[in-house]
Amino acid sequence: MIVWLNGTHGAGKTTTSALVQQLIPDSRVFDAEKVGETLMDITPVLSATDNFQHWPPWRSLVVETARQVLGYTGGTLVMPMTVLVEPYWREISSGLARHAIPIRHFVLHADQETLRGRIEGDTDMGPSAFRLKYLAPYAEAARTWLHSEAEVVDTTHLTPAEAAQRIAEAVKS
């Protein structure tokens, strides 16, 4: 099974995924961003883009990597990854479904003010124009398709541990 933690930057995906992994037996965290980083290292560059998710190989490699890891380890993969483009989500989720891999799709949500404050106050990564530019696309995805495709966990007033507990309980039930 895959527990996919979606949501934009600042929602708490990375922190929450590590905590969810501790609460779900036989689980591992697989950050699909690493697949994108691998593709970004190809020289010469595949094509100019501001987001590796626009490269079709990223989406199919995420599916294949998850399939291979689950085939090798079994258990559950906890995947913290923002996907805000609906056709990309459909491609990934249908690819996993073709391999009979169930997905529990959660969106970690927070209001725009909270997200902006978290990004601007991030002491690990520092303020990031890249991360801030995804606030509007997240709001649009949430309004048009994303929230209806997932179980929404509002992290505005939750600690990452509280969010992780809610997700783990939902998965176990």
Side-chain angles (χ1 to χ4, degrees), residues 1-22 24 27-73 75-96 99 101 103-110 115-116 118-142 145-146 149-151 153 155 160 163-164 167:
M1 155 183 266
I2 290 175
V3 175
W4 193 291
L5 303 185
N6 205 338
T8 196
H9 305 283
K13 296 179 307 297
T14 301
T15 302
T16 302
S17 66
L19 296 168
V20 167
Q21 185 275 322
Q22 294 171 18
I24 298 176
S27 65
R28 291 164 178 73
V29 174
F30 165 41
D31 187 345
E33 188 167 329
K34 301 300 182 191
V35 174
E37 290 172 4
T38 298
L39 292 173
M40 288 170 35
D41 285 343
I42 293 173
T43 55
V45 69
L46 296 177
S47 62
T49 184
D50 65 342
N51 187 330
F52 55 71
Q53 291 186 15
H54 298 315
W55 292 325
W58 177 79
R59 300 183 299 276
S60 59
L61 285 169
V62 165
V63 170
E64 185 59 20
T65 304
R67 183 181 80 79
Q68 290 288 332
V69 171
L70 284 172
Y72 180 66
T73 65
T76 300
L77 288 182
V78 180
M79 296 181 62
M81 188 70 218
T82 300
V83 179
L84 301 178
V85 178
E86 185 176 9
Y88 296 176
W89 175 251
R90 299 252 177 262
E91 185 177 339
I92 291 166
S93 60
S94 66
L96 293 166
H99 296 292
I101 300 170
I103 307 168
R104 288 294 295 269
H105 183 199
F106 294 89
V107 171
L108 301 185
H109 173 79
L115 292 168
R116 183 173 301 283
R118 288 177 184 171
I119 293 167
E120 290 173 347
D122 189 324
T123 56
D124 290 329
M125 297 180 71
S128 166
F130 174 84
R131 295 169 75 204
L132 287 169
K133 82 176 186 175
Y134 283 93
L135 293 179
Y138 168 73
E140 179 64 13
W145 71 273
L146 184 58
E149 291 287 322
E151 299 169 65
V153 177
T155 67
I167 292 164

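Side chains are part of it too, since the values below use all heavy atoms of this structure and drop only hydrogens, waters and symmetry mates. What you are looking at is a predicted structure, and each value in this text was computed from that prediction instead of being measured.
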- request: Test Val78 against Thr16 for side chain to side chain contact (heavy atoms under 4.5 Å, CB included), laying out the working first.
  value: CA-CA 10 Å; Val78 180; Thr16 302; over 6 Å; no
Rounded distance (nearest 0.5 Å) linking atom [atom1] of [X] with atom [atom2] of [Y]:
X	Y	atom1	atom2	value
Asp122	Ser128	CG	OG	8.5 Å
Arg28	Ser17	CZ	OG	14.5 Å
Ser93	Arg59	OG	CZ	12.0 Å
Met40	Glu33	CE	CD	8.0 Å
Glu120	Arg131	CD	CZ	10.5 Å

- request: Given side chain to side chain contact (heavy atoms under 4.5 Å, CB included), test Gln53 with Leu84 step by step and report yes or no.
  value: CA-CA 10 Å; Gln53 291 186 15; Leu84 301 178; over 6 Å; no
Shortest non-hydrogen contact from [X] to [Y]?
X	Y	answer
Val107	Ala150	CG2-CB, 3.5 Å
Met79	Ala32	CE-CB, 4.1 Å
Leu96	Val63	N-CG1, 3.9 Å
Thr8	Lys13	O-NZ, 3.1 Å
Pro80	Phe30	CD-O, 3.6 Å
Ala164	Leu19	CB-CB, 3.5 Å

With the side chain counted from C-beta on, respond yes when [X] and [Y] share a heavy-atom pair under 4.5 Å apart, and no when they do not.
X	Y	answer
Trp58	Thr49	no
Asp50	Phe130	no
Leu132	Leu135	yes
Met81	Leu5	no
Trp4	Val83	yes
Trp55	Val45	yes
Val3	Thr76	yes
Glu151	His105	no

- prompt: Going by atom types only, do Arg118 and Thr155 share a side-chain donor-acceptor pair under 3.5 Å?
  reply: yes
Test item: [X] side-chain N/O and [Y] main-chain N/O as donor-acceptor pair under 3.5 Å:
X	Y	result
Thr15	Gly12	no
Gln21	Ser27	yes
Thr82	Gly7	yes

Partner of Arg67 by side chain to side chain contact (heavy atoms under 4.5 Å, CB included), out of Ile2, Val62, Leu77, Ile101: Ile101
task: Begin with the C-alpha distance, continue with both residues' side-chain angles, and end with the deciding distance and a verdict on side chain to side chain contact (heavy atoms under 4.5 Å, CB included) for Leu108 and Asn6.
output: CA-CA 6 Å; Leu108 301 185; Asn6 205 338; over 6 Å; no
- prompt: Taking the six-membered ring where the residue is Trp, are the ring centres of Tyr138 and His109 under 6.0 Å apart?
  reply: yes
- prompt: Using 4.0 Å as the upper bound for N to carboxylate O, is an ion pair formed by Glu149 and Arg90?
  reply: yes
task: Could you tell me how the ring of His54 sits relative to the ring of Tyr88: parallel (under 30°), tilted (30 to 60°) or perpendicular (over 60°)?
output: perpendicular
- prompt: Are more than 12 heavy atoms from other residues, nucleotides or ligands located less than 6.0 Å from atom NZ of Lys34?
  reply: no
